[in-house]
Amino acid sequence: FQLKLWNKYRVSNIPSLIFIDASTGKVVCRNGLLVIRDDPEGLEFPWGPKPFSEVVAGPLLRNNGQTLDSSALEGSHVGVYFSAHWCPPCRSLTRVLVESYRKIKEAGQKFEILFVSADRSEDSFNQYFSEMPWVAVPYADEARRSRLNRLYGIQGIPTLIVLDSKGEVITRQGRVEVLNDIECREFPWHPKPVLELTDSNAVQLNEGPCLVLFVDSEDDGESEAAKQLIQPIAEKIIAKYKAKDEEA
């Protein structure tokens, strides 16, 4: 029973505190530890999810010192990028993401990235942010950075959450999508029902039940036939969870 709970709520580290609506069974907040740290008196109870536009509201920075209001993000796809300079995988992803960002913008797409820092000092934040052509939550605004972490239940970095123009989550696997689609042909990276297993997307095996189908890689026909076999099943499962407003 305990293992089922760990799997159901995709717990990858401890301590972990998850708030659930008892009447529906739906997750209210994945990052309860941040909630009780930020709101020890329970003034925001029951800590339900708020719209992205409300959580992010306030001034944002560019690395040239220019400020703009968060309302400038409205109508654009947004990548919410949780990262830090002290984290080597973050720095590696940032280099790729800078090129992806430029390609998407040059293609005429309305896209912005919002850097939410987990750096340990403002100097480190400034050094890291100087490499980024997008916008950031000011480092000094720890409360807003914490609320964004809470909103998406961030348990590790780097994490890239991709939102549609209405602020709804398209994918939590932005890191995988960027690394697998260097030319950004599939932006904004709507989830696929069936994926080919690669080094970069194997992390998803830890996030819930998965069906892995092994086929003869030398026989292209076998791979395509296998995909056609499981595609409609995967689509049906995804539609079922979407109807319940839950993650598949």
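A salt bridge does not link K103 to E106: none of the charged nitrogens lies less than 4.0 Å from a carboxylate oxygen. Here K192 pairs with E186 in a salt bridge; the nearest charged N to carboxylate O distance falls below 4.0 Å. By the 4.0 Å N-to-carboxylate-O rule, E44 lies too far from R147 to be salt-bridged with it.
Under a cutoff of 6.0 Å and an axis angle of 45°, R172 and Y152 do not form a cation-pi pair.
Partner of Q231 under the side-chain hydrogen bond (donor to acceptor under 3.5 Å, both in side chains) criterion, out of E235, Q228, K227: E235 alone.
Q127 is not listed as a side-chain neighbour of S124, based on a closest heavy-atom distance of 4.5 Å or more.
Listed for the D119 side chain is a donor-acceptor partner under 3.5 Å among the backbone atoms of H85. Of the possible polar contacts, none joining the D141 side chain to the V137 backbone as a donor-acceptor pair under 3.5 Å is found. Distance alone, capped at 3.5 Å, places no donor-acceptor pair between the D39 side chain and the V35 backbone.
When only modelled atom types and interatomic distance are considered, S121 and D123 share no side-chain donor-acceptor pair under 3.5 Å. For the residue pair T94 / Y128, a side-chain donor-acceptor distance below 3.5 Å is found, with atom types taken as modelled.
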Item to complete: Give the C-alpha distance, both sets of side-chain angles, the deciding distance and a yes or no for side-chain contact (heavy atoms from CB on, under 4.5 Å) between I170 and L163.
Response: CA-CA 5 Å; I170 293 176; L163 311 178; over 6 Å; no
Practice prompt. Apply side chain to side chain donor-acceptor pair (under 3.5 Å) to D38 and S146, showing your working.
Written response: CA-CA 8 Å; D38 294 347; S146 183; 2.3 Å; yes
Discussion item. Evaluate R62 against E112 for salt bridge (Lys or Arg N to Asp or Glu O under 4.0 Å), listing each step before the verdict.
Written reply: CA-CA 12 Å; R62 291 202 179 274; E112 192 53 76; 3.5 Å; yes
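Ring centroids of F115 and F82 are separated by 6.0 Å or more, keeping the two rings apart. Taking the six-membered ring where the residue is Trp, the centroids of F187 and H77 are separated by under 6.0 Å.
Tracing side-chain contacts under 4.5 Å through hydrophobic residues (I, L, V, M, F, W, Y), one reaches V116 starting from F52; they form part of the same cluster.
Taking the six-membered ring where the residue is Trp, Y101 and W134 present perpendicular rings, their angle passing 60° and hence far from 30°.
Distance NZ/K105 to CD1/I113: 9.0 Å, rounded to 0.5 Å.
Minimum heavy-atom separation, V28 to I20: CG2-C, 3.9 Å.
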